[in-house]
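Take a look at the structure below.
Read the numbers this way: they start at 1 and go in the same order the structure lists the ligands and their atoms.
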Amino acid sequence: MLRPYLVDSHCHLGDAAFDPDREVVLERARAAGVGHVVVIGESLAGSEKAVGLARSTRGLSATVGVHPHDASSWSAEVQTRLRELLAAPEVVAVGETGLDYHYDHSPRDAQRRAFEAQLGLAAELGKPVVVHAREADADMVAMLRGWGGEKGAVVLHSFSSGADVWEAGMAIGACFSFSGMITFKNWKQTARLTDCPSDRLLIETDSPYLAPVPHRGKRNEPAFVREVAARAAVLCGEALEVLAERTAQNARRCFGPRLGTAL
Ligand SMILES: [Zn+2]
């Protein structure tokens, strides 16, 4: 049987939850057929850590950005440092950025400011941007509509938003990335996977959060992208290998050829 080459397009591998056993976690990912992991930066410090990991380990790439939870930390200095980091070959995208009005860990105007600046940075540098959207649909739609970068360069990660965000994403050729949420019993958006244009579907773990069934409630890890892939394959009516290859190719198209470097 052909070995699948799975890409985990969104993993917080720099999270402290992985400090005790990151090497073992990556070994399990390799054994599960994971070829590449996109390590997400969610703050300046987290971005530096993600870049360090991607620099020292084959099969890892990094994104750099400031998560909406951390948007209060946004400043001109942060933007300057992110711009420097974005020049490194290991760094494939801006993000994770976006809007989260569910937790409101940062004031909404600060979230909008940081998101707008990061969208602008990505468009200016011709990089993709990884977007987190939660319970902020109206503002999210308005900001996606203003996207000034390339078509296909916006990734709506762990997609679970409403119809308006879906349509705004479709209009700008966004990629839709699905997480372990698609394995949950209460997942109601199967049509989003089947309606998603075949070349814009991505899969991810969002580790250490959102562990898929049958690991729900435990720490999530990149090896579990296999469960996400298996479920997506069932929902799309494809073999696991076909779904894996398709989503890996999509990830390469979106994030660049570095995604073809195996762990
Ligand atoms: Zn994330």
Side-chain angles (χ1 to χ4, degrees), residues 6-19 22 25 29 34 36-51 53-54 60-74 78 82 85 91-106 111 114-115 118-119 122 127-136 140 143-144 153-161 165 169 174-184 201-212 215-216 218-225 227-228 247 251 254-255 259:
L6 294 156
V7 172
D8 182 355
S9 71
H10 193 111
C11 172
H12 296 268
L13 191 66
D15 193 281
F18 294 116
D19 283 349
R22 199 169 279 110
V25 164
V34 178
H36 203 94
V37 177
V38 180
V39 184
I40 302 293
E42 58 290 282
S43 62
L44 182 53
S47 297
E48 304 266 9
K49 193 168 177 182
V51 175
L53 287 168
L60 302 181
S61 292
T63 73
V64 299
V66 173
H67 194 282
H69 291 346
D70 259 305
S72 314
S73 71
W74 186 259
V78 168
L82 293 183
L85 290 170
V91 180
V92 295
V94 175
E96 164 173 16
T97 177
L99 302 172
D100 191 318
Y101 295 173
H102 176 76
Y103 286 109
D104 281 324
H105 285 330
S106 282
Q111 293 190 37
F115 184 29
Q118 289 174 86
L119 285 173
K127 294 275 187 184
V129 57
V130 177
V131 174
H132 170 109
R134 186 153 185 205
E135 292 177 27
M140 179 54 64
M143 293 182 75
L144 290 178
V154 171
V155 177
L156 294 172
H157 111 86
S158 191
F159 188 81
S160 62
S161 295
V165 176
C175 291
F176 296 86
S177 183
F178 293 88
S179 68
M181 285 171 79
I182 67 170
T183 69
F184 298 172
L201 181 76
L202 299 174
I203 50 171
E204 63 169 82
T205 59
D206 204 14
S207 311
Y209 316 105
L210 290 175
H215 309 287
R216 206 173 169 180
K218 285 193 267 178
R219 179 187 71 174
N220 198 1
E221 61 175 65
F224 299 165
V225 78
E227 269 77 49
V228 180
T247 49
C254 178
F255 293 112
L259 277 276

Any luck finding a side-chain donor-acceptor pair between His105 and Asp100 under 3.5 Å?
->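 No.
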Between Ser179 and His10, does any side-chain donor sit less than 3.5 Å from a side-chain acceptor?
->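 No, because no side-chain N or O of Ser179 sits under 3.5 Å from a partner of the opposite role on His10.
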Shortest non-hydrogen contact from Glu221 toward Thr205 =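 Where Glu221 meets Thr205 most closely, the heavy atoms are O-CG2, 3.6 Å.
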I'd like to know if the Zn ion (ligand 1) has an N/O/S atom from [X] within less than 2.8 Å of it, counting both backbone and side-chain atoms.
{"X": "Asp206", "value": "yes"}
{"X": "His12", "value": "yes"}
{"X": "His132", "value": "no"}

Candidates Leu53, Val51, Val64 - the one meeting side chain to side chain contact (heavy atoms under 4.5 Å, CB included) with Val39 =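 Exactly one pass, corresponding to Leu53.
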With respect to the Zn ion (ligand 1), what is the nearest N, O or S atom of Glu96?
->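 Of all N, O or S atoms in Glu96, the Zn ion (ligand 1) lies closest to OE1.
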